[in-house]
Asks: 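For reference, the structure I am asking about is given below.
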Amino acid sequence: MQVLQQVDKKFIASVADNVLVMIDQHAADERIRLEQLRTEVLEQQHLSTLLDYPTELGITMHEQQLLHTYKTQVEGWGWRFKLTDGTEKRYSEEEQCYYTAVLVTAVPSILGESLINPKHLSEYLHQLMTTDGISAPPPAVQRLLASKACRGAIMFGDTLLRSECQQLVEGLKRTALSFQCAHGRPTLVPIVNLDTLRMRLSRSLLKKNKDRSDLYELESKEKWHGLEWKRPTLSRAKERLQRAD
């Protein structure tokens, strides 16, 4: 990909496979930072923040079973919990199911921030259920990383040197999901195929030349006070010189 220049302090004009593309400088940097943060979090040991007071979380009997099934994954991210004996059950008319309580004693600490909302655990359990326990960061972790990537990324209005534009484009090419930012916004948009543009410009130029030629022919047929205009040619010039002699 050939980097041309920054446009309006928002986009980076580039050419890829003979197509002019505009790269969103904020979305591109956000994608790069997101994948860097994700790699950092996945490679480090996950820490926990002990809660001063255990938080009670109401879960369904099915979710309680999921806690047993996926206990290793849940604790691997830093949650610690205590299951009750299940004798105290509450029935929800809205959900039409029984609820029991689980005591959350510790929550994940990701890049210095604690996921203190107990509903984050329920959210992760549903993800594990729908993916059959496939190892992926909990939704709350993904949102946290996306937020940090966005806040730390290059913004609209930031001036970039051409070398910085080149570095940004090279970084985007190395990402796993280079066509969208952390929030799903496209990182680049194709503008025009340059071969097609050249072809259309050539046709437009030929048409203009033809229209101009037709205009000359039309004017040459019109007479003014008996005088007739003719297009200057080399043969007519020679003829007039001979007459002058």
Side-chain angles (χ1 to χ4, degrees), residues 26-156 175-177 180-185:
H26 173 71
D29 195 34
E30 185 178 296
R31 164 53 56 180
I32 295 170
R33 288 174 179 272
L34 174 65
E35 298 200 4
Q36 290 174 343
L37 290 172
R38 193 174 190 274
T39 300
E40 179 183 346
V41 168
L42 290 177
E43 289 180 351
Q44 70 181 12
Q45 183 180 3
H46 302 137
L47 304 176
S48 299
T49 298
L50 292 174
L51 300 178
D52 294 333
Y53 301 98
T55 301
E56 184 177 290
L57 173 64
I59 60 174
T60 65
M61 302 306 294
H62 179 59
E63 289 173 332
Q64 187 180 42
Q65 182 60 44
L66 291 174
L67 272 178
H68 283 291
T69 304
Y70 300 115
K71 182 179 179 181
T72 300
Q73 290 96 318
V74 170
E75 291 186 343
W77 279 101
W79 277 288
R80 298 292 183 270
F81 57 89
K82 293 180 180 179
L83 292 172
T84 61
D85 57 10
T87 55
E88 295 185 6
K89 297 179 182 178
R90 292 173 300 214
Y91 185 77
S92 171
E93 292 289 346
E94 182 179 353
E95 301 291 337
Q96 294 187 349
C97 62
Y98 283 97
Y99 279 83
T100 186
V102 59
L103 295 179
V104 180
T105 59
V107 295
S109 178
I110 306 297
L111 300 176
E113 296 197 26
S114 301
L115 305 181
I116 59 175
N117 191 333
K119 292 185 178 180
H120 292 158
L121 176 56
S122 295
E123 196 177 35
Y124 184 42
L125 288 176
H126 283 281
Q127 175 179 292
L128 291 170
M129 178 185 65
T130 55
T131 60
D132 291 328
I134 293 177
S135 180
V141 174
Q142 297 184 47
R143 289 193 297 270
L144 175 63
L145 298 183
S147 176
K148 284 185 173 293
C150 180
R151 292 199 301 266
I154 295 169
M155 297 296 179
F156 277 2
T175 59
L177 193 61
Q180 66 180 45
C181 75
H183 300 98
R185 192 172 77 187

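Note that the structure is predicted; figures quoted are calculated from it, not measured.
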Asks: Nearest 0.5 Å, please: how far is CD in Glu113 from CG in Leu144?
Replies: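 The distance works out to 5.0 Å.
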Asks: Looking at side-chain heavy atoms only, is the closest gap between Met129 and Gln65 below 4.5 Å?
Replies: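 The answer is no, as the side chains (C-beta and beyond) never meet within the 4.5 Å cut-off.
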Asks: Are side-chain heavy atoms of Val74 and Leu125 found at a separation under 4.5 Å?
Replies: yes
Asks: Provide the closest heavy-atom pair for Ser122 versus Ile59 in the form atom of the first, atom of the second, distance.
Replies: OG-CG2, 4.3 Å
Asks: Measuring from Leu67:CG to His62:NE2, what's the distance to the nearest 0.5 Å?
Replies: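 Going from CG on Leu67 over to NE2 on His62, the span is 11.0 Å.
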Asks: Decide salt bridge (Lys or Arg N to Asp or Glu O under 4.0 Å) for Lys148 and Glu40; before the verdict, give the C-alpha distance in whole Å, the side-chain angles of both, and the deciding distance to 0.1 Å.
Replies: CA-CA 13 Å; Lys148 284 185 173 293; Glu40 179 183 346; over 6 Å; no
Asks: Tell me which one of Ile110, Leu111, Leu37 satisfies side chain to side chain contact (heavy atoms under 4.5 Å, CB included) with Val141.
Replies: Ile110
Asks: Would you name the heavy atoms of Pro137 and Gln127 that are closest together and state the gap between them?
Replies: O-NE2, 3.2 Å
Asks: Measuring from Ser48:OG to Arg80:CZ, what's the distance to the nearest 0.5 Å?
Replies: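 These two atoms lie 4.0 Å from each other.
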Asks: Quick one: pull up SG in Cys150 and CZ in Arg185 and give me the separation to the nearest 0.5 Å.
Replies: 8.0 Å
Asks: Give the minimum heavy-atom separation between Glu35 and Ala176, together with the two atoms involved.
Replies: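 Heavy atoms of Glu35 and Ala176 come nearest at OE1-N, 2.8 Å.
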Asks: How many angstroms lie between CZ in Arg31 and CG in Leu177, if you round to the nearest 0.5 Å?
Replies: 4.5 Å
Asks: Please report the closest heavy-atom contact between Trp77 and Ala136, naming both atoms and the distance.
Replies: NE1-O, 4.2 Å
Asks: If I compare all heavy atoms of Val41 with all of His46, which pair ends up nearest, and what's the gap?
Replies: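 Heavy-atom minimum between the residues: O-NE2, 3.2 Å.
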Asks: Grab the two heavy atoms, one from Glu30 and one from Cys181, that are nearest each other, plus how far apart they are.
Replies: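 Smallest heavy-atom distance, with atoms named: OE2-SG, 3.3 Å.
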Asks: Going from OG1 on Thr100 to CG on Leu57, what distance comes out if it is rounded to the nearest 0.5 angstrom?
Replies: 10.5 Å
Asks: May I ask you to check whether over 12 heavy atoms, not counting those of Arg38, lie within 6.0 Å of atom CZ?
Replies: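 Count not over threshold, so no.
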Asks: Check the pair Arg151, Ser147 against side-chain hydrogen bond (donor to acceptor under 3.5 Å, both in side chains), reporting the backbone distance first and the verdict last.
Replies: CA-CA 6 Å; Arg151 292 199 301 266; Ser147 176; 2.5 Å; yes
Asks: Side chains of Thr49 and Val107: closer than 4.5 Å at any heavy-atom pair?
Replies: yes
Asks: Would you indicate whether Leu47, at its atom CG, is surrounded by more than 12 heavy atoms from other residues, nucleotides or ligands within a distance under 6.0 Å?
Replies: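 Result for CG/Leu47: enclosed.
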Asks: A side-chain contact here means heavy atoms from C-beta on lying under 4.5 Å apart; do Ile154 and His26 qualify?
Replies: no
Asks: Could you check whether any side-chain heavy atom of Pro108 comes within less than 4.5 Å of a side-chain heavy atom of Tyr124, counting everything from C-beta outward?
Replies: no
